[in-house]
There are 2 protein chains.
Amino acid sequence: MSSVSRRDELLDLVTDHVLEHGLIGLTLRPVAAAIGTSDRMLLYHFGSRDDLVTAVVTRTEERAIAAVDALPPADGVRAGVNRLWEAYQRDPMHGCLDVYVQAAATGLIGQEPYRSAVLEANERWVRALRDYLVRCGAPADRVGRIVMLVDSSLFGFQLDLATDRPGELARGVDDLAAAAQALGSETMRS
Amino acid sequence: MSSVSRRDELLDLVTDHVLEHGLIGLTLRPVAAAIGTSDRMLLYHFGSRDDLVTAVVTRTEERAIAAVDALPPADGVRAGVNRLWEAYQRDPMHGCLDVYVQAAATGLIGQEPYRSAVLEANERWVRALRDYLVRCGAPADRVGRIVMLVDSSLFGFQLDLATDRPGELARGVDDLAAAAQALGSETMRS
DNA sequence: AGGGTTGTGTAGCAGTCGCTACATCGCCAA
DNA sequence: TTGGCGATGTAGCGACTGCTACACAACCCT
């Protein structure tokens with residue numbers, strides 16, 4: 001049936017619009033007008049604004065994960081983290097992660113549907129990150145610990161991207177990358 | 001004159017309300033009713049909603065900085081970062097940083113006044129963090145690099161606080177703390 | 001004593017919000 | 001042919017938004 005594909009088509013258009021204009025403050029009529037439809041149709045295909053938001057968050061996350069999956073592995077964890085950071089700053093990942101951060105910030109105070117959407121998205125995201133770092137040579141028995149450090153920290157750098165100069169951030173990221181590398185190769189102290 | 005103090009009084013009340021109900025989606029009438037005044041009065045004292053938001057962001061940041069300044073220094077950078085993280089999870093810092101993250105996420109797409117407010121707040125915040133780490137024994141010539149790593153990363157952990165279990169995050173934070181400590185004590189490799 | 005500033009209440013403006021009722025198309029199956 | 005069903009347009013609902021006009025009371029300065 002055509003309704004499913006039409007919904008998918010609309011979802012991609014809405015997602016593109018959100019990537020440019022932000023998730024926070026998204027309202028139906030402007031986005032509908034921008035993509036050549038009406039709020040009436042968005043409600044018809046998605047049920048409610050909340051369901052639309054959830055779908056957009058999921059779609060951006062799918063794109064981001066696809067970008068990570070397509071990233072050629074680097075030689076070692078340190079190089080891998082740095083390559084990851086380069087990808088964070090380029091499209092399509094940059095915009096997708098911005099959307100994720102906006103959703104996570106909104107969900108911080110427990111606001112639905114953001115909180116649940118981010119919770120599920122984060123789970124899949126961590127899995128993609130882990131797979132990538134394994135491909136870069138991270139030892140399987142420590143990759144969980146590495147990902148915990150790298151994932152959280154890189155989101156922080158992503159947040160600071162709006163306030164700090166990218167050059168200085170890059171040095172911080174490399175320090176993080178070196179620490180992640182050490183987590184994988186050194187003997188654990190504690 | 002009393003108008004300044006009345007404004008200040010209102011600002012504290014609004015800030016308390018924002019700490020509970022979030023900055024994103026803040027509207028005048030509900031917050032005014034909750035603190036026993038009217039939207040009319042908020043506009044009178046703050047000029048516009050945007051100016052109110054800016055003032056709230058600045059006030060929460062002042063509270064957070066005061067909490068950092070009041071934090072007893074730890075012995076060494078690693079212990080300092082861990083103590084910082086403990087403070088992040090307690091009030092008053094926890095709520096304040098949530099508000100900061102919400103403002104930063106909104107400012108990510110260049111939306112004013114969030115972007116400018118966060119930009120200025122971040123500058124003062126980094127200064128407070130650096131002072132604290134110096135008090136913990138961070139070497140003065142490397143504390144800038146340490147703060148760059150710690151500040152960004154801890155914001156990431158703050159974001160993940162909504163999705164991950166605090167216990168697992170704590171291990172990640174300690175890994176970060178160890179890396180920060182190493183940055184201050186080891187011979188730089190690059 | 002009286003004029004101006006400052007704070008506050010009442011009422012309302014124009015605009016936007018998510019959402020819905022209703023009518024209407026075109027299509028495929030019986 | 002016709003009847004039902006998916007898709008769409010029109011119009012509008014009640015609620016809410018930031019903000020403002022106007023009146024009034026209390027105070028300080030002269």
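Chain naming here is simple, since letters A, B, ... match the order of the sequence lines and numbering starts at 1 in each.
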Within one Ile-Leu-Val-Met-Phe-Trp-Tyr cluster: [X] and [Y], side-chain cutoff 4.5 Å:
X: Y100(B); Y: L23(B); value: no
X: L161(B); Y: V81(B); value: yes
X: I109(A); Y: Y88(B); value: no

Nucleotide [N], atom [atom2] - distance to [atom1] of [X] in whole Å:
X: M41(A); N: dT20(C); atom1: CE; atom2: P; value: 13 Å
X: D51(B); N: dC19(D); atom1: CG; atom2: C1'; value: 13 Å
X: L42(A); N: dC17(C); atom1: CG; atom2: C1'; value: 14 Å
X: D39(A); N: dC13(D); atom1: CG; atom2: P; value: 16 Å
X: R7(B); N: dT8(C); atom1: CZ; atom2: P; value: 14 Å
X: Y44(A); N: dA11(D); atom1: OH; atom2: C1'; value: 19 Å
X: L43(A); N: dC17(C); atom1: CG; atom2: C1'; value: 11 Å

So T37(B), base contact, sugar-phosphate only, or nothing? Heavy-atom distance under 4.0 Å.
nothing
Return no unless some side-chain N or O of H45(A) is found under 4.0 Å from OP1 or OP2 of dT8(D).
yes
Are OP1 or OP2 of dT8(C) and a side-chain N or O of R6(B) less than 4.0 angstrom apart?
yes
Short question: side chain of R49(B), backbone of L26(B) - any donor-acceptor pair under 3.5 Å?
yes
Minimum-distance nucleotide to S38(B) side chain [options: dC19(C), dG9(C), dG6(D)]
dG9(C)
Which one, dT8(C), dG18(D), dT20(C), comes nearest to the side chain of R40(B)?
dT8(C)
Residues from residues 17-31 of chain B lying under 4.0 Å of DNA chain C - heavy atoms
R29(B)
Are side-chain heavy atoms of L149(A) and F157(B) found at a separation under 4.5 Å?
yes
Close side-chain approach of F155(B) to S153(A), heavy-atom, < 4.5 Å:
no
Begin with the C-alpha distance, continue with both residues' side-chain angles, and end with the deciding distance and a verdict on side-chain hydrogen bond (donor to acceptor under 3.5 Å, both in side chains) for E112(B) and S116(B).
CA-CA 7 Å; E112(B) 297 293 354; S116(B) 300; 2.8 Å; yes
